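Here is how names work: the chains are called A, B, and so on, in the same order as the sequence lines, proteins then strands, and each is numbered from 1. Quick caveat: nothing in here was measured; it's all calculated off a predicted structure.
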Protein chains: 2
Amino acid sequence: MGISDRVYGVAVAKTAETQQDRTDTANQILDVAERLVQVRGFNAFSYADVAKEVHISTASLHYHFPSKSELGEALIARYANRFMAALGEIDEGVADHPRKLAAYVELYVGVLRNERMCLCGMLAAEHETLSAAMQSAVVKFFEKNEAWLAEVLQQGRDQGSLRFAGSPLEEARSIVSALEGAMLVARSFGDINRFQAVAGHLLTSLRP
Amino acid sequence: MGISDRVYGVAVAKTAETQQDRTDTANQILDVAERLVQVRGFNAFSYADVAKEVHISTASLHYHFPSKSELGEALIARYANRFMAALGEIDEGVADHPRKLAAYVELYVGVLRNERMCLCGMLAAEHETLSAAMQSAVVKFFEKNEAWLAEVLQQGRDQGSLRFAGSPLEEARSIVSALEGAMLVARSFGDINRFQAVAGHLLTSLRP
DNA sequence: GTCTATAGGCAGATAGAC
DNA sequence: GTCTATCTGCCTATAGAC
């Protein structure tokens with residue numbers, strides 16, 4: 001199983017680091033709800049949609065996740081944990097910094113291949129309609145991504161394997177924005193090549 | 001009234017080129033609905049929300065726009081027309097190409113200042129849930145933006161006032177993606193400076 | 001063009017049996 | 001943990017009077 005398989009929730013092995021101790025049913029619920037949010041948005045799926053796919057009643061769904069907001073919070077937490085775990089694997093498994101960035105981009109490609117938007121990118125669009133807890137969880141996801149990227153960028157520049165103007169954090173924010181935007185647009189065109197072109201352009205511009 | 005005031009629907013003068021012949025009520029409806037979509041999303045506002053603000057009944061609203069999808073199509077058409085008119089004003093009023101790009105970025109800043117997302121950026125997130133007519137209208141909006149940018153980029157590079165690698169259209173797509181993504185993220189941080197930083201970085205990278 | 005009234009369905013959520 | 005049944009409210013949309 002590749003790194004990117006860990007991110008969009010397909011056939012993900014349970015590990016202590018990335019998943020809380022949940023029942024199989026709860027995890028099935030999260031899997032289905034995650035996909036529905038990434039494809040349709042948090043405001044465009046219902047408990048009934050999830051219940052139907054998991055073959056339980058909406059009442060049972062409320063047993064596992066009492067409110068839709070709590071389900072949403074659990075979704076973000078699981079997604080963020082999985083994403084951070086993937087970043088950890090990149091740290092350990094990939095040597096040079098340009099390749100780390102390429103591996104980071106591949107995480108996005110993996111999401112897009114499943115015809116999904118980044119969970120937190122989708123929730124960012126719906127930000128104004130979310131609970132305070134969900135809002136701050138989305139923001140934290142972006143901050144963690146930026147911090148990881150900034151670290152890679154700084155080290156790469158120090159070693160001469162990456163080149164960019166300005167601060168690493170500023171560059172990191174530009175990269176996150178560009179990738180999220182490229183996903184957003186590419187998905188409405190139904191054309192993953194649009195994402196690949198933008199991402200390739202981005203990686204090229206960082207070459208020394 | 002500045003160029004950017006024309007884009008987000010505040011105090012916009014009626015002109016034959018940019019607006020269809022609609023009653024005041026229909027335009028009020030569009031103004032309110034547009035703001036609600038840009039702030040909350042198409043799936044997170046109702047006819048009741050609009051009716052309340054316009055001080056009419058939902059039944060009257062259905063007289064002007066029989067279905068929500070038709071309202072959505074009218075929203076995109078008006079927004080796209082206004083945006084294209086603003087691009088036309090940039091073409092006529094701004095001389096050098098770097099400044100044209102800066103003026104283009106200012107259109108986005110104007111939207112963000114009103115605490116809104118780009119209408120079509122928001123609809124891109126919700127793409128999977130939209131009618132076919134709305135979907136293709138969103139795509140056309142992006143294509144027109146890219147075509148305009150590609151033209152500016154090509155001319156600027158030919159004159160030596162802009163510098164970039166690859167084709168103008170590829171660069172244009174990267175710019176649209178970066179700006180839409182920067183809006184998306186900046187808005188969830190509630191921090192317009194995040195957008196300004198990314199946009200400034202982008203404009204700087206195009207300097208010869 | 002606007003209204004009241006209402007249809008018909010779906011939303012999130014709860015009670016209580018098993 | 002799961003179910004059926006139900007509540008309350010909101011949703012888009014329509015009928016028909018004015």
Whole angstrom is fine here: how far is it from [atom1] in [X] over to [atom2] in [N]?
{"X": "A:H62", "N": "C:dG12", "atom1": "NE2", "atom2": "P", "value": "7 Å"}
{"X": "A:I29", "N": "D:dG1", "atom1": "CD1", "atom2": "C1'", "value": "10 Å"}
{"X": "A:L61", "N": "C:dA11", "atom1": "CG", "atom2": "P", "value": "12 Å"}
{"X": "B:N43", "N": "D:dC10", "atom1": "CG", "atom2": "P", "value": "18 Å"}

Between B:S177 and B:S174, does any side-chain donor sit less than 3.5 Å from a side-chain acceptor?
no
Candidates [options] - which lies nearest the side chain of [X]:
{"X": "A:S57", "options": "C:dA13, D:dC3, C:dT2", "result": "D:dC3"}
{"X": "A:S67", "options": "C:dA13, C:dG1, D:dT2", "result": "C:dA13"}
{"X": "B:S46", "options": "D:dC11, D:dG1, D:dT14", "result": "D:dC11"}

Taking only the side-chain nitrogens and oxygens of B:H55, find out if one of them lies under 4.0 Å from OP1 or OP2 of C:dT2.
no
Determine the contact category for A:F45: base if any of its heavy atoms lies under 4.0 Å from a base atom, sugar-phosphate if only primed atoms, P, OP1 or OP2 are that close, otherwise nothing.
sugar-phosphate
Can a salt bridge be assigned to the pair B:R78 and B:E34 using a cut-off of 4.0 Å between side-chain N and carboxylate O?
yes
CG/A:L130 to CG/A:N43 distance, rounded to the nearest 0.5 angstrom?
7.0 Å
